[in-house]
Asks: 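First the structure, which I've put down as structure tokens, then a few questions once you've had a look.
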Amino acid sequence: MVEKIKAIDAYTVFDSRGFPTIECLMYLDGGHQGRAMVPSGASTGTFEALELRDRDPSKFGGKSVYQAIRNIKEVIQPVLLRNEVKSQHELDDLLIELDGTENKSRLGANAILAVSMAYASSIASYRGLSLFESLPAKRDNYILPLPEIQIFGGGAHSAGRIDIQDFMIICNGAGTLMECYEMTFKVYQEAGKILKRENRLAGLADEGGYWPVFDSNEAVFQILTEAILQAGLTPGREVSISLDIAASEFYDKNQYHLKLDNRVLSSHEFSALLGSWLEDYAICSIEDPFSEHDISSWRQFTSAWSDKIQIIGDDLFVTHRKRLENGIRDRLANSILIKLNQIGTVSETLACIEDAINAGWRPVISARSGETEDTFISHLAVATGAGQLKVGSFARSERMAKWNELLRIERKLSDQAKFANDYIQFPWQ
Ligand code: 2PG
Ligand code: MG
């Protein structure tokens, strides 16, 4: 028997871009409480659940979330106090039913998710467990995820300075989480030194990666490869390159517009360009190589590359079970990015992760570009044994909060801690 919900509070706090977002506090009858903060994306997919913003230009430039907060206090709270929910599943089903829309646009996915996550947190506190131990996830083992860490941040996260969004690394040769952090630290520092030497150091993008002052998209691969080498590491063997193309952001009228390269490419040409990058650089993973509307390119690319690299659908699947099911059936990718706020409840997120694992896919749990100090996703990654976590760079506290939380979880697990590299078969192995 779990404690009943006694009260819910919700109020405005601010994310890593300084934009308003929701913090929710849930109080249970016996005095336990839980807290959650909601993140926010910039390069959002067309099919994501709706983030409710007030759109009143006089309040935080239209970004305030007062209506979503009122929905929590005035619509959701009374229903949850009336109905005794006994599990995360029951709570989330009730929230979905109460909203009643396909994309959670009545109450707002941000309002619903804040309540859903705060409930998970309050139940962990009631049980006296860490969140990763308390989340109702199916798993064989607690697995510390392999991090995917950004070195350069482009696309919508650096005002379109460069077309491609994320230039990241995956430390596929690391034997422990700390070894992975040390490799990342070295590559990040070396990348900074190269930029300084070449007079290209211009600050940080939204997720903490270096702001990309480059003359072509491909130039970044060369600098990143150089940074890995200068860190004393072998590209491909110890540290590989991982990309989020976020191609929807520059797809228009069936063409890919690479502004920096001054090129407009057909799907076929763009696919060939990606293929040439995969041949020339130590790339082990690629996310959103095509727009979510360019399905045939996904299918062809996956049939050509899926036994060599990880191909992740983010905007394509938006953490939606039905969209994932279609993707598995049609072999559109071999991995899915998982973002709680794309779908809007903890239970739907857990179900999507489980579906992916059952299909032999590797889910990658992900932060948003607008983040908070909330570390829910670190727990989610460990609890589900998903195997990978993408948080942004190795800088800025909203990012480091997640990396540091993994270290705390590792200590708590002690000799039960298993690092993904040793336990999970990845497509690049
Ligand atoms: C993505 C995310 C995180 P955003 O595209 O994967 O990098 O960006 O939160 O802006 O959608
Ligand atoms: Mg993405």
Side-chain angles (χ1 to χ4, degrees), residues 15-19 21 37-51 53 63 109-110 113 147-170 204-212 242-251 274 285-294 298 310-320 323-324 327 332-333 335-344 349 352 362-372 374 376-378 380-381 386 388-396 398-399 402-403:
D15 72 15
S16 55
R17 282 191 271 254
F19 291 175
T21 188
M37 300 167 93
V38 175
S40 174
S43 63
T44 48
T46 329
F47 303 104
E48 290 194 24
L50 183 107
E51 177 184 82
R53 299 223 177 245
K63 297 257 175 217
N110 42 349
L113 183 63
E148 191 185 8
I149 306 187
Q150 187 193 65
I151 305 296
F152 299 100
H157 305 160
S158 62
R161 174 63 186 75
I162 192 165
D163 305 290
I164 291 171
Q165 182 179 284
D166 289 308
F167 296 84
M168 300 169 284
I169 54 169
I170 290 183
L204 301 184
D206 279 5
E207 297 191 20
Y210 294 111
W211 185 273
S242 165
L243 304 172
D244 181 359
I245 306 288
S248 312
E249 296 294 309
F250 52 86
Y251 182 71
L274 294 176
S285 178
I286 188 161
E287 180 183 327
D288 281 354
F290 304 99
S291 153
E292 65 265 45
H293 303 294
D294 187 8
W298 277 93
Q310 176 166 263
I311 303 166
I312 310 172
D314 170 15
D315 292 353
L316 177 65
F317 299 133
V318 292
T319 316
H320 196 297
R323 295 187 64 83
L324 171 64
L332 300 184
S335 177
I336 177 175
L337 205 74
I338 299 287
K339 293 165 168 168
L340 286 146
N341 78 329
Q342 280 183 327
I343 189 68
T349 306
C352 194
R362 287 287 145 224
V364 180
I365 311 297
S366 175
R368 297 304 311 234
S369 49
E371 262 302 327
T372 71
D374 194 302
F376 194 105
I377 56 169
S378 308
L380 181 66
Q388 290 173 86
L389 181 63
K390 174 189 175 192
V391 166
S393 197
F394 207 62
R396 298 179 40 147
E398 80 279 5
R399 312 287 149 190
K402 277 73 160 174
W403 302 132

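Quick note: residue numbers are just sequence positions, from 1. Order of appearance sets the numbers: ligands from 1, and atoms from 1 within every ligand.
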Asks: So is there a nitrogen or oxygen of T44 less than 3.5 Å from a nitrogen or oxygen in ligand 1?
Replies: no
Asks: Taking the N/O/S atoms of E287 one by one, which is nearest to the Mg ion (ligand 2)?
Replies: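 It is OE2 of E287.
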Asks: Any luck finding a side-chain donor-acceptor pair between D314 and Q342 under 3.5 Å?
Replies: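 Side chains of D314 and Q342: pair found under 3.5 Å.
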Asks: Of all the non-hydrogen atoms in the protein, which one sits nearest to atom 1 (C) of ligand 1, and at what distance?
Replies: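 Checking every protein heavy atom, the shortest distance to atom 1 (C) of ligand 1 gives K339 NZ, 3.1 Å.
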Asks: Starting from atom 11 (O) of ligand 1, what is the nearest protein heavy atom, named by residue and atom, and what distance separates them?
Replies: R368 NH2, 2.7 Å
Asks: Check for a donor-acceptor pair, side chain of S366 on one end and backbone N or O of K339 on the other, with a separation under 3.5 Å.
Replies: no
Asks: Between R362 and S285, does any side-chain donor sit less than 3.5 Å from a side-chain acceptor?
Replies: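 Result is no, nothing qualifies.
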Asks: To which protein heavy atom is atom 6 (O) of ligand 1 closest, and what is the distance rounded to 0.1 Å?
Replies: K390 NZ, 2.7 Å
Asks: Who's closest to atom 5 (O) of ligand 1 heavy-atom-wise, of R17, E249, E148, Q165?
Replies: Q165
Asks: What I'd like to find out is whether the side chain of F317 reaches to under 4.5 Å of the side chain of I312, using heavy atoms alone.
Replies: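 Side chain of F317 against side chain of I312, heavy atoms only: no contact under 4.5 Å found.
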Asks: Heavy atoms only, cut-off 4.0 Å: how does D244 contact ligand 1, side chain, backbone, both, or neither?
Replies: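 The answer is the side chain.
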Asks: Can you tell which part of A367 has a heavy atom less than 4.0 Å from ligand 1: side chain, backbone, both or neither?
Replies: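 Only the backbone of A367 comes within reach of ligand 1.
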Asks: With a 4.0 Å heavy-atom cut-off (strictly under), which part of H157 contacts ligand 1: side chain, backbone, both or neither?
Replies: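 The side chain, only.
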Asks: Are S43 and E249 close enough that a side-chain donor and a side-chain acceptor fall under 3.5 Å?
Replies: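 Side-chain D/A pair, S43 to E249: absent.
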Asks: Please determine which of I170, D166, I151, I169 meets the side chain to side chain contact (heavy atoms under 4.5 Å, CB included) test together with S242.
Replies: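 It is I170, the one option of I170, D166, I151, I169 that forms the side chain to side chain contact (heavy atoms under 4.5 Å, CB included) with S242.
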Asks: State whether the shortest distance between N or O atoms of S40 and N or O atoms of ligand 1 falls below 3.5 angstrom.
Replies: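 No.
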Asks: Are any of the N or O atoms of G370 closer than 3.5 Å to those of ligand 1?
Replies: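 No - when backbone and side-chain N and O of G370 are compared with those of ligand 1, no distance drops under 3.5 Å.
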Asks: Among protein heavy atoms, which sits nearest to atom 3 (C) of ligand 1, and what does the distance come to when rounded to 0.1 Å?
Replies: E207 OE2, 3.2 Å
Asks: Check for a donor-acceptor pair, side chain of T21 on one end and backbone N or O of V38 on the other, with a separation under 3.5 Å.
Replies: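 The answer is yes, because a donor-acceptor pair under 3.5 Å joins these two groups.
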Asks: Take the angle between the ring planes of W298 and F290 and call it parallel below 30°, perpendicular above 60°, tilted in between.
Replies: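 Correct class here is perpendicular.
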